[in-house]
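I have placed the structure first, in the form of structure tokens, so that the comments after it can refer back to it.
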Amino acid sequence: MREELTALREQALRDIAGAADLSSLELVRVAITGRSGGLTRAGEQMRHLSKEERPEIGKLLHEVRTAILGALEVRGAELSAAAEEAELSQIDPTLPGVARTVGSLHPLQHLQRRAVEIFRRMGFSLAEGPDIETEWHCFDALNTPPDHPARNDQDTFYLPDGRLLRTHTSSVQIRTMERETPPIRIIAPGAAYRRDEVDATHLAQFTQMEGLYVDEGVTLGDLKGTLEFFFRELFGSDTKVRFRPHFFPFTEPSYEIDVRAAALGGGERWLELAGCGMVDPAVFAQINDRRGDKAFDPDKVTGFAFGFGLERLAMILYGVPDIRMFVENDQRFLGQFVS
Ligand code: PHE
């Protein structure tokens with residue numbers, strides 16, 4: 001038995017040393033320590049020894065086992081270190097790294113988020129509506145008569161089924177009032193569509209932002225205060241805001257808003273930036289008819305609405321000379337608005 005154990009150790013150590021890689025070492029390990037391996041069988045034979053022989057052979061078996069397991073471990077570590085080194089040698093650490101470009105918000109998105117954030121601070125929440133609208137939501141409910149030029153199919157994209165691509169986000173006012181009751185304080189950014197010839201200041205699709213506030217006792221003073229605050233937050237505290245009488249079918253009185261600020265190319269020029277007004281009672285009447293209640297009783301509630309185009313605002317604010325740059329996806333342009 002003693003000779004067998006010595007021979008087992010020698011053979012095992014030779015095989016272990018001779019294993020050229022981790023998978024051959026694994027085969028060697030199984031052949032020695034596996035269920036029918038040499039070491040395992042030697043252990044089983046211990047039972048057949050006499051009481052006298054057992055302590056000495058047992059001790060030897062223990063030494064042999066320790067030597068073999070130790071050798072397996074050492075060789076395993078050597079081989080995996082070698083394997084790792086071989087793998088690393090495939091990599092050239094002197095090569096330059098792959099530069100990852102970090103994206104940035106589209107300038108219109110950036111501006112929209114800034115605008116929404118300012119209105120949120122005044123308690124406005126976000127509202128949405130579909131881009132494909134009914135004539136009722138886009139025009140009739142907004143008190144726009146059938147012969148109004150905006151409804152002309154020269155100006156509006158009509159679908160074959162009679163629906164249309166909304167020409168303004170004012171349709172979201174209507175959808176919100178159909179669904180909710182006063183007090184309503186919403187801001188609705190989104191796409192609007194008009195059949196404009198595309199040039200440096202026109203696209204057939206652009207972005208508008210609509211606001212609506214309806215409650216008891218909402219006044220023209222609230223409208224002016226809200227929009228003055230908004231434009232001062234956006235353009236700086238030196239901003240001057242002017243309300244010029246205008247006409248919209250759905251507001252009475254109506255105004256165009258002109259703004260002057262150093263941030264807007266400085267100085268003396270008034271820039272026309274938005275439309276606004278007090279919600280026309282005729283709009284509330286349409287909503288009540290539709291709802292079948294008097295939730296928007298013109299004798300009780302008043303409201304204001306406003307709307308502006310984000311492209312125009314962004315062009316002035318960021319000095320963008322051509323509106324088409326917003327849709328061309330030129331990285332050299334978009335990369336300048338890192339935010
Ligand atoms: N919807 C108008 C437009 O597209 C803007 C506007 C909105 C005017 C709300 C008054 C009130 O020009």
Side-chain angles (χ1 to χ4, degrees), residues 108 112 115-116 119 122 124 126-131 133-145 148-152 154-157 164-177 184-196 201-215 218-228 230-231 241-259 271-284 286-287 296 301-313 323:
L108 291 176
Q112 180 172 312
V116 167
F119 282 112
M122 290 188 278
F124 285 79
L126 270 183
E128 276 183 339
D131 292 22
E133 262 303 358
T134 65
E135 277 200 79
W136 190 79
H137 288 92
C138 197
F139 295 128
D140 297 303
L142 286 156
N143 200 33
T144 309
H148 191 279
R151 300 183 68 151
N152 197 310
Q154 306 287 309
D155 291 302
T156 302
F157 292 104
L164 48 81
L165 298 183
R166 67 181 178 197
T167 56
H168 52 184
T169 42
S170 301
S171 52
V172 184
Q173 285 184 36
I174 302 304
R175 290 197 172 265
T176 307
M177 289 191 282
I184 286 176
R185 217 180 314 180
I186 53 142
I187 189 86
Y193 307 82
R194 291 180 194 171
R195 294 185 77 142
D196 277 326
T201 52
H202 295 87
L203 290 173
Q205 180 190 327
F206 59 105
T207 317
Q208 274 198 339
M209 197 160 196
E210 182 88 8
L212 174 70
Y213 182 17
V214 182
D215 200 355
V218 176
T219 67
L220 187 56
D222 296 319
L223 166 60
K224 293 182 79 173
T226 302
L227 290 174
E228 273 173 13
F230 170 68
F231 284 116
V241 181
R242 178 169 87 177
F243 291 75
R244 197 162 28 77
H246 194 71
F247 175 80
F248 295 104
F250 37 92
T251 46
E252 181 58 34
S254 305
Y255 302 90
E256 278 194 323
I257 303 171
D258 300 334
V259 177
L271 296 162
E272 178 197 315
L273 287 187
C276 67
M278 300 303 291
V279 178
D280 194 311
V283 173
F284 290 144
Q286 288 270 10
I287 299 287
F296 293 83
V301 296
T302 49
F304 67 69
F306 58 87
F308 51 85
L310 279 178
E311 281 83 356
R312 185 168 152 72
L313 217 62
I323 195 171

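Order of appearance sets the numbers: ligands from 1, and atoms from 1 within every ligand. Please read all numbers here as calculations on a predicted model, not as lab measurements.
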Please name the pair of heavy atoms, one in Asp258 and one in Glu272, separated by the smallest distance, quoted to 0.1 Å.
OD1-CA, 3.3 Å
Distance-only check: which donor-acceptor pairs under 3.5 Å involve side-chain atoms of residues 245-252, not counting sequence neighbours?
residue	atom	partner	partner atom	Å
Thr251	OG1	Ser254	OG	2.7

Salt-bridge test for Asp131 and Arg166: reply yes if a basic N is under 4.0 Å from a carboxylate O, no otherwise.
yes
The single option from Phe119, Phe243, Phe231 passing ring-ring contact (aromatic ring centres under 6.0 Å, His included) against Phe306:
Phe119
Is the Phe296 ring parallel, tilted or perpendicular to the Phe284 ring (thresholds 30°, 60°)?
parallel
Contact table, ligand 1 N/O with protein N/O, distance under 3.5 Å:
residue	atom	partner	partner atom	Å
ligand 1	1 (N)	His168	ND1	3.0
ligand 1	1 (N)	Ser170	OG	2.9
ligand 1	4 (O)	Arg194	NH2	2.9
ligand 1	4 (O)	Gln208	NE2	2.9

Between Phe304 and Phe124, how do the two ring planes meet: parallel, tilted or perpendicular, split at 30° and 60°?
tilted
